[in-house]
Amino acid sequence: MNISVPHDKRANKLKSTRIAGKLVNDYWQMVWRAKEEGKLICWYEGSAINPFLEAADICWVHGEAYSAMLAARHQEVKAQQAAEERGYMKELCSYARTHLGCAVSNQRTRNDTDTGIAFGPEDDDLSAKLPPPDMIISAYAYCSTGQQWDEMTSRVFGKKIPIFNVSLPWIWGAKKDAGYLRGQEWEETSRYVERQLYDMVKFIEERTGKPYPWDRLRAMMADIRRASELRLEAMELCTNTPAPASFFDWVVSIAPINNLPVDGVVQYFETVLAEVKARVAAGEGAVPTEKYRLFFDGIMNWNKVGWLAEKFARYDANVVAGRYTHMAFWQEPSLINPQDPVLGMAQNYLICPNNHASPILIDLIMGLCEKFKVDGMVIHASRTCRAFTNPQFLIADAAHKRLGLQTSMFEGDVTDESFYKDELLNSRVEAMFEAIDSRRLLV
Amino acid sequence: MDSQQILGIFAAAANDPLGYARAWKDRTGRPVIGSFPMNFPGELAHAAGTLPMILQESPDPITVGHGLLFPFYCGYTRSMVDQAARGDFDVLDAIMFGDHCVQLLGAADAIRVQLTQTRVIFFQLISSMCDPWTQGRSEESFAALRAELEDLLGAPVPDAALHDSIRLFNRNRVLIRKLYDMRKTGKAPLRAAEMQHVVKSSMIMDKAEHTALLEQLVAFHEQAAPQAQPGMRLHLSGHFCQAPKPEILSMIEDCGAIIVGDDLYHGFRYISTDVPEIGDPIAGLARWYLDRNTGVPCPTRVQNNVDWDAYLLDAIAEERADGMIVLMAKFCEPHMYYYPEVKEAFEARGVPHLLIETEHESMALEGLKTRVETFVEIIRRRAAAA
Ligand code: SF4
Ligand code: SF4
C-alpha cells in the first residue's frame, strides 16, 4: 500500500443529477400519501412495470428502490432488524430483507393497532411508513430470490393480497442462431413474456374495475423511449477523455429512468445531457485528474455511493461505465414501439444485466470495456446478491484474457453495510493501479 | 440376496455415483446424462436409451472450484462446479439443467465454460406453480427437452418408450414409498442413512436394476414383523439439492432419535409423486411437475395456495413424530425464505423443532451432538409430562 492518496481531490459530480434527489423525494412523499388519497397500491420488484401501473393510476412501490433509498439515507437498519426478528437470515438478499422488514413492521404496527395497544410508528421511522399493498406483481428476471421475495411479501400479509406472477426465463443462448437480441430462443421468450404482460393488464383491470387506459401507456412509453435515448447519448459521451460523468452519476440517475413518475423524466435527461455536452466542450472530467479509467462490475453498494465516488476520485480513477448502469433500465429504446409498446417492454425486461447467460453477457461487457477505453475493472462481489456475483469470475477471466485488463474484486453488499470491507478494497484497488502503472511503463 | 446385500449395493452406488456411471457405460456402451436437481424428469432421458443420473455433491473439499464460484454459495453448487473443473464429469455425454434457483444458474454458467466437450443443455421450468399457463409452459419445456435429447442422440424418443419409462419410474417410486410406510410402522426399521442410500441410488442407478433390487427389499420387509423402536420419533426436513451427510444422520439417531419420516430431496420429496401413465406423456410429465408441489411443497417454487408449513405439520401428525429437525444447507436462499413460516407455524402449534445449518466443509459434530441431545431430551420430558 504505497500509493499516497490526497484528500483534497473531490469527485466532480454532475450538478444536474441533484434534481434526481428532489424527484426521488417527491415520489416517496406521493407514496406515503397514497393511502390517504384513496389510491390503489401495488408492490413490485425487479422489472420496471411501473408505467403499466402509473397509466392505470395505481401507486407503485418498487421494493429495491425503497431499500436503496433507506440505505442511501442510512436508515436501513430498523427494517433489517424487523426482518431478522421474524427469522429472515442475514445471508438473504439484503434488498429483500430490508423490504420484507418494512412489510413485517407494517403488519406488526397494524396488528398492534388492531388489538388496541397504543403503538404507532415514529414519524421518522421510514421502515414502517410504507403503505401496505393492495396487490403484488412479481416480474423478476433471472433471480429466483426476486420471485421468492414477492411470495414472502404476500405471505407476510397473510396471503390476503392478490398476487400476479410474470415469469421471465433466462436466455441460455446455446442454439446456433443465438445472440444478443436475436435467435429463436430470444423471439420465443419475448413472445412468451409479452403474452404474460397482457394477462397482467387483465389482472390490473380486475383490481381497478376499469378498462385499461392503453393510450396513457402509449404516451408514457414514448416519453420513456425518449428519456432512454437521451440517457444513452449522455452515457456515450463518456467515451471522451476525460469522461464528463462517472458510473456514480449514472447510479444516481437510475431512479429517474427506472421507477419515478414518467412525467419529468425526459426533462431530467435533457438537463443531464446538456451538462454532459457542456463538460465535453470544456474538457471537464468527472474526477479532477483522470489517470485511470475503470469499469465497475456488480450491483451498487447503496450505502456507499457518494463515498465510493470520492474514494475513486482520490485515486485519480474515473469509473466510466458499469454493468449495472450501462446494461439495464430501458437499455434498448429502439425495441419500444410507442404505438404498440408491450413486446418492446417485455424485451427490455428480458435484458436485465444478468438475464443473458455468460457467453452473451461477457461479450457485451467486453464491448463496453473497449468502447469506454478502460484500463481496469473493479468488481463488487455483493455478498447477498448472487445474481450479480454468479458470472463474476468468468467476467474477470475474460477481461484478463481477452483485453489484458487488470481487475480487482472487493466484497460488499447492496444494502447491508456489515459485509463491506474497506481495507480490502483499498489494498486491492491500489494493487490494481500499481499493475496498470507497471504495464504502462512497459508499453 | 438378503436385505443387507441389497442395501450394500445401494450404498456403493450412492457413495460413488460417477464410478457407477462409468461401469454402466462400459457395460452398455450407452450415453450417460447428468442432471441437476430437483425437477428433472429422468424418464425422458431414460426413454432415449441413456442413463439419467442426478449429479451429486462430492464429499471432497472444494479446490479449483474456488476460482469459479464464491464461498458464499451452497455446498451443492460449489461442489458441482469444482467437480466439473477437476474433470470428474468426463463420463457424462451431456448435462441438463432445468431449474430456477439463482445459485444453480451461476453453477450452470460456470460448468458450461469448463466442459467444452460436453453438451450442456438448459431449460428453465416455470417456477410459479398456479398460473393458468403453468401446465402449458411446463409442457413446452419438457417438449423442448425432448427435442434437445433427440438432437443429441440423433434418434426420436417415441411415446411408447416414454410410457414404458414412466411406468418403470412409477414402480420404483411406489416401492420406495412402501418402504417409507413400513418405516412408520416399524416393519422396515431402516436407519436414516440406509433410507438415503435407497433414494440416492435410485437417482443414479439403472432404473430397471434398481427396481428389481427394490422389489426384493420390499418383499423382505413385508414378511417381517413390526419391531418396536425405542427413541423419540422425529421428522427430518429441508436440505434440498444435496444429500445430508450420513454422519449427521447417524449422529441424530445416536442421540436417541428414530427418523420416521422426511421431506428431504434425497428422501420422500424425490419419490412423492407419480407421473400419469395414460395420455400424452409430455402432458403427464407436466402434470407430475405440478402435482409434486402440491404433494410436498418446495420452497424453490412459488405457489400461493399451498403451504409447506401446513404440509409439515400434517406429515408429522401422520408419522406420529414427536418433533422435527430442520436441516438447512448453508446459504440456501429458498430455504432461508420459507424457514420463518415453518418456525412460526411450529411454535404456534407447540411442535418442537430444531434448526441445524450444515456446511459442505467438515462440521463440528460434537457441538451439534450436544444440541441434538438437548433437543431429544426436551421432547422426551414433554412426552413424559403429557
Ligand atoms: S439477489 Fe440481487 S437480483 Fe436477486 S432479488 Fe436480490 S438484489 Fe435482486
Ligand atoms: S435450492 Fe438451495 S441447495 Fe439447491 S442449489 Fe439452490 S441454494 Fe443450493
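These values consider heavy atoms only, across backbone and side chains, with no hydrogens, waters or symmetry-generated copies. All of these numbers come straight from a predicted model, not from anything done at the bench. Here is the naming used below: chain letters follow the sequence lines, and residue numbers restart at 1 for every chain.
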Below 4.5 Å from any heavy atom of chain B, which atoms of [X] appear? Answer side chain, backbone, both or neither.
X: A/Leu92; result: both
X: A/Arg97; result: neither
X: A/Ser138; result: neither
X: A/Ser358; result: both
X: A/Ser167; result: side chain
X: A/Asp397; result: neither
X: A/Lys90; result: neither
X: A/Leu100; result: side chain

task: For the residue pair B/Phe346 and B/His353, categorise the inter-ring angle as parallel (less than 30°), tilted (30 to 60°) or perpendicular (more than 60°).
output: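 Ring orientation of B/Phe346 relative to B/His353: perpendicular.
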
message: For A/Trp170 and B/Phe122, take the angle between the two ring planes, folded into 0 to 90°, and tell me which bin it lands in: parallel under 30, tilted 30 to 60, perpendicular over 60.
response: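 A/Trp170 and B/Phe122: perpendicular rings.
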
Heavy-atom contact with chain A under 4.5 Å, split by part of [X]:
X: B/His66; result: backbone
X: B/Met328; result: side chain
X: B/Ile121; result: backbone
X: B/Arg112; result: side chain
X: B/Pro132; result: neither
X: B/Phe123; result: neither
X: B/Ala144; result: neither
X: B/Tyr339; result: side chain
X: B/Gln124; result: side chain

Atom NZ of A/Lys175 with >12 non-hydrogen neighbours under 6.0 angstrom: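 Counting other residues, nucleotides and ligands, NZ of A/Lys175 stays at 12 neighbours or fewer.
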
Quick check on the interface: out of [options], who has the most heavy-atom pairs with chain B under 4.5 Å?
options: A/Gln147, A/Met89, A/Gln196; value: A/Gln147
options: A/Pro169, A/Ala357, A/Cys143; value: A/Ala357
options: A/Tyr88, A/Tyr142, A/Phe393; value: A/Phe393

- request: Indicate yes or no for a side-chain donor-acceptor contact from A/Glu411 to the backbone of A/Arg383 under 3.5 Å, with no hydrogens or angles considered.
  value: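 Not a single qualifying donor-acceptor pair exists.
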
Whether A/Glu185 side chain and A/Trp172 backbone form a donor-acceptor pair below 3.5 Å: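 Checking the backbone N and O of A/Trp172 against the side chain of A/Glu185, a donor-acceptor pair under 3.5 Å is found.
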
Which one, [options], leads in non-hydrogen pairs under 4.5 Å with chain A?
options: B/Glu148, B/Lys330, B/Gln303, B/Lys343; answer: B/Gln303
options: B/Arg137, B/Glu344, B/Met336; answer: B/Arg137
options: B/Val113, B/Leu68, B/Asp131, B/Leu105; answer: B/Leu105

Verify whether one side chain among [X] and [Y] offers a donor that lies under 3.5 Å from an acceptor in the other.
X: B/Tyr73; Y: A/Thr389; value: yes
X: B/His235; Y: B/Asp263; value: yes
X: B/Ser79; Y: B/Gln83; value: yes

query: So is A/Arg207 actually on top of A/Phe203's ring, under 6.0 Å and inside 45° of the axis?
result: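 Cation-pi check for A/Arg207 and A/Phe203: passes.
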
- request: Would you kindly check if the NZ (Lys) or CZ (Arg) of A/Arg386 is within the cone defined by 45 degrees around the ring axis of B/Phe70 and under 6.0 Å from the six-membered ring centre?
  value: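 Judged by the rule (NZ or CZ under 6.0 Å from the ring centre, within 45° of its axis), A/Arg386 is not positioned above B/Phe70.
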
- prompt: Looking at CG of B/Asn293 and CG of B/Asn39, how far apart are the two atoms once the value is rounded to the nearest 0.5 Å?
  reply: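 Nearest 0.5 Å value for the CG-CG distance: 8.0 Å.
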
field: Nearest-0.5 Å distance that lies between atom CZ in B/Arg86 and atom CD1 in B/Ile62
entry: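 If I round to the nearest 0.5 Å, the distance is 7.5 Å.
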
